Protein chains: 2
Amino acid sequence: MLEKSWLVLDAFRPTGGPLRLIEVAERCQLPKTTAYRLLTDLTAIGAVERRERGYVLGRRLFELGSTVPLERDLRHAALPFMHDLYEATRETIHLGVRDGLDVVYVEKLRAHESLALPSRVGGRLPLNCTGVGKALLAYSSPDLIDEVLARPLRRLTAHSIVDAKRLEEAIGQIQAAGLAYEREEAQIGGACIAAPIFREGTVVAALSVSVPLSRFHPTRLAPAVKTAALGVSRALNRSTLR
Amino acid sequence: MLEKSWLVLDAFRPTGGPLRLIEVAERCQLPKTTAYRLLTDLTAIGAVERRERGYVLGRRLFELGSTVPLERDLRHAALPFMHDLYEATRETIHLGVRDGLDVVYVEKLRAHESLALPSRVGGRLPLNCTGVGKALLAYSSPDLIDEVLARPLRRLTAHSIVDAKRLEEAIGQIQAAGLAYEREEAQIGGACIAAPIFREGTVVAALSVSVPLSRFHPTRLAPAVKTAALGVSRALNRSTLR
DNA sequence: GAATGCGTTCCGTGACACGGAACCCGGACC
DNA sequence: GGTCCGGGTTCCGTGTCACGGAACGCATTC
C-alpha cells in the first residue's frame, strides 16, 4: 500500500504534470481500480491534485520536499555565493549533490538567454556527463570511483566520456586542477566549469557555471568558480550543518 | 496506512528533522510500534533517512517536491526577474503563493547580510503578517478577504496587524497603491515592500523585497518591485502555464 | 544491580487493501 | 436514434498484511 502509493507518485516523473488515470495505471503496472483508489487517497492527502484533464503532483509534496534538511541547509549556505557568481558571469549556475551514481541538482540559476540544458532542480544526471558530476566524482572515495569506472557509463551526447580509461584520466586532471571542465558532454554547444564544495574534508556538493561554447573563456571563469565554491565551503563549515 | 504515513512525514515539519522514534510517535499520537514500522517502511522507500541520532526527511521527497508543476513553472518564470530585483537592491527577495489562509514561500533569494527572517522556501506564514501575504490578500476574492477578517488574526511580532478594522484599512491602501508595505510586522527590525503577480486577471503570487529597517527607502524600492512583478505577470501570461 | 528510556522483534487478530466485474457517461461513428 | 468504445467510477467478497500489545535488548543513570 505505502509502497504502491510511492510508485504512483514516481509515475509523475519527470514532469510532475498532468497524467490521466489510465496513464498512471499502466506506468505503474497496476489495475486501474487500484490506481484510481490510490490517486483518490493521495488527492485527499494533498500529495496530488486534480485538474480538468488528469492529475498533477500536489503542493503538499512541494512543501515537504522543501524542508528536507540536507538540501535546504546547503542551498541556504550556497545561494548568496551563487548569486555573486551569476552576477560576475551572467551565466547559468548549478548546485548539485551526489546520490548513488547520479548528480541531483539542488539549485539552478538560469541565465536569461541560456541554452536548454538537460538539468532541472530535483533532476538527476549521470556523474560522468556533467561538470558538477565530475567534480563530485573526482573527490569521492576511491571505492565509489572504482564502482563508477567498473560499470558501463551512460552518455548524454556524443562527447560524453564513456570510456573508463579516459574518465580516470579526467579525474586525475580534476584532482590536480581543483576544477572540472566539461565541453559538450552534457549538451551540444555547451561547456561548463565546476568546483567541489567540502564540509569537514569531504565533498558534499559542487557548483558550476555553464556557458554556450562561444562564450567559454576558462581563464576568466575558473577563478570565479573557485572562489565561489570556496566561499560556500567556508560558510558550511562555519555553520552547524548536520 | 497511507494516511498515517503522511502523518509521520508531517511530524517532521517545520524543520525536516532529525527526530527520534519516540518524538515521531508522540507527535503523531501513534503507538511506537506503528511509528517504528512506518518509519522503517518510509526509509526503505527513501522518503526518510536514518541518521546517527534519529530520522530526517529523505532526498526522494526533495526530488519529488521539485517537480510539482505549479510551483516549478512559477519559479521558472519569476527567477530572472527576481535576480534583476536582487541586483538592483541587493536585498532579500521573496516569491510566495497563497494556500488557504497562509502564504507559502516558493522561492527566496537571500542577501549576504540579511536579518534572520521567519520565512523559508516551502514554509507558511499567516497572510496578514507579511508583505507577500498582504499583497496576495488584497487582490484575492472578497469572500476570502471576509473569511480572513472574520477569523482571529495570528501575529508574528508586536507590530503584526491583528485588528480586523486595521487590516481592512491596510487592504484598501494596498489596492490603491498596487503595493503592500510592511514594517516590523513579520520580524522586528525588518521592513518589506511587496507587489502582486497576476495571471489572466487573478493573483497567483506575489514578490517582495525585505530590508533592515535602517535601509528602508520606499521611494527607491517601490518602482523596482513594481516593475519586477509586472515582468513576471507578463512572462506568465505569455507562457502556457497550466 | 535496579531502574529508566529508547529501539526492536514477535505474533494473533481483524480491518481494510485488493482487484475483478459491472456500471456509467460522453463522444464518435453509422 | 442505436451502437460501440474508452475512460472513469462504484461494488463487494476474499485474503492479506497492517495493527499494536507484550516482551525483550541494550545502553545510561542513579
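Per chain, numbering begins at 1; letters A, B, ... match sequence-line order. Quick caveat, the model's predicted, so the values are computed rather than measured. The analysis underlying the following values was restricted to heavy atoms, covering all of them including side chains, and did not include hydrogens, waters or symmetry mates.
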Euclidean distance, atom OH of residue B:Tyr55 to atom C1' of C:dC6 [Å, nearest integer]: 11 Å
Distance test, side-chain N/O of B:Lys4 to OP1/OP2 of D:dG20, below 4.0 Å: yes
Listed nucleotide nearest any side-chain atom of B:Tyr36, set C:dT9, D:dC19, D:dT9: C:dT9
Atom pair distance, as rounded to whole Å: CG in B:Leu30 and C1' in D:dA18: 12 Å
Phosphate contact (C:dC6 OP1 or OP2) by B:Arg53 side-chain N/O below 4.0 Å: no
Exceeds 12 heavy-atom contacts within 6.0 angstrom, atom CZ of A:Arg154: yes
Interatomic distance, B:Glu26 CD vs C:dG7 P [rounded to whole Å]: 10 Å
Residue whose nearest DNA chain D nucleotide is more 5′ - B:Thr33 or B:Asp41: B:Asp41
Residue whose nearest DNA chain D nucleotide is more 5′ - B:Leu2 or A:Glu23: A:Glu23
Stepwise side-chain contact (heavy atoms from CB on, under 4.5 Å) test for B:Tyr36 and B:Val24: CA-CA 9 Å; B:Tyr36 173 71; B:Val24 174; over 6 Å; no
Nearest-nucleotide pick for B:Leu21, side chain only, options being C:dG7, D:dG8, D:dG20: C:dG7
Test item: A:Val104 and B:Glu63 side chains (from C-beta on) under 4.5 Å apart, heavy atoms: yes
Nearest-Å distance for atom pair CG/C1', residues B:Leu38 and D:dG20: 11 Å
Sugar-phosphate, base or nothing in reach of A:Ile22, heavy atoms under 4.0 Å: sugar-phosphate
Minimum-distance nucleotide to B:Thr34 side chain [options: D:dG8, C:dC18, D:dC19]: D:dC19
Test item: A:His94 and A:Leu117 side chains (from C-beta on) under 4.5 Å apart, heavy atoms: yes
Presence of B:Arg37 side-chain N/O under 4.0 Å of D:dG21 phosphate oxygens OP1/OP2: no
Ring centre gap for A:Tyr55 and A:Phe12 strictly below 6.0 Å: no
Integer-rounded Å distance: C:dG26 C1' and A:Arg20 CZ: 12 Å
Quiz item: B:Lys32 side-chain donor-acceptor pair to D:dG20 base, under 3.5 Å: no
